[in-house]
Amino acid sequence: MMIEPRLSELMKGMDSRYTLVTVVAKRARELATETKMPLVKVKSDKPVTIAVNEVAAGMIDFSNPVEHNEEKKAYE
């Protein structure tokens, strides 16, 4: 049985699996509790499945606040 999307697809643009889980969980929570609309069409109506597919499609932006602060300090 193949699981789609593959972990390698999901890890593109993420710095760790922990980050991936955090991003997916945050987006799934938004979909479940707010009136946010899904950014991709999937057969499922489950928030985690939708969030995973959004990440795989590159629809969810991620920025690491620690890296952002380090870059900001480098320019000062």
Side-chain angles (χ1 to χ4, degrees):
M1 182 169 116
M2 298 290 280
I3 298 175
E4 292 293 331
R6 294 178 170 270
L7 182 59
S8 59
E9 292 176 43
L10 295 171
M11 288 301 296
K12 291 178 183 173
M14 299 289 167
D15 57 356
S16 68
R17 288 182 184 175
Y18 176 79
T19 302
L20 172 64
V21 170
T22 304
V23 169
V24 169
K26 182 176 179 181
R27 178 61 180 153
R29 197 173 307 113
E30 287 178 353
L31 290 166
T33 60
E34 299 176 13
T35 57
K36 300 280 184 173
M37 298 299 297
L39 302 174
V40 295
K41 285 192 170 195
V42 291
K43 293 180 182 178
S44 178
D45 61 342
K46 296 180 180 179
V48 173
T49 302
I50 296 168
V52 165
N53 282 283
E54 289 177 347
V55 169
M59 304 297 286
I60 304 297
D61 290 330
F62 156 74
S63 65
N64 187 333
V66 174
E67 290 176 1
H68 180 70
N69 287 339
E70 289 173 1
E71 290 175 6
K72 185 177 176 184
K73 288 178 184 178
Y75 287 110
E76 291 177 349

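The residues of the chain are indexed from 1 along the displayed sequence.
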Strictly distance-based, threshold 3.5 Å: is any side-chain N or O of Glu9 a donor or acceptor partner for the main-chain N or O of Ala56? no
Cluster overlap Val21 with Val55, hydrophobic side-chain contacts below 4.5 Å: no
hydrophobic_cluster_shared for Ile60 and Leu7, side chain cutoff 4.5 Å: yes
Distance-minimising heavy-atom pair for [X] and [Y]:
X: Val40; Y: Ala57; answer: CG1-CB, 3.9 Å
X: Leu20; Y: Met11; answer: CD2-SD, 3.9 Å
X: Ala51; Y: Val24; answer: CB-O, 3.6 Å

For the pair Leu39 and Arg27, evaluate side-chain contact (heavy atoms from CB on, under 4.5 Å) and give the outcome as yes or no after the intermediate values. CA-CA 11 Å; Leu39 302 174; Arg27 178 61 180 153; 3.7 Å; yes
In Å and rounded to the nearest 0.5 Å, what is the CD to CD1 distance from Glu30 to Ile50? 12.5 Å
Spacing of CD belonging to Glu4 relative to CG belonging to Asn53, to within rounding of 0.5 Å: 9.5 Å
side-chain hydrogen bond (donor to acceptor under 3.5 Å, both in side chains) involving Ser16 - partner list, sequence neighbours excluded: Thr19
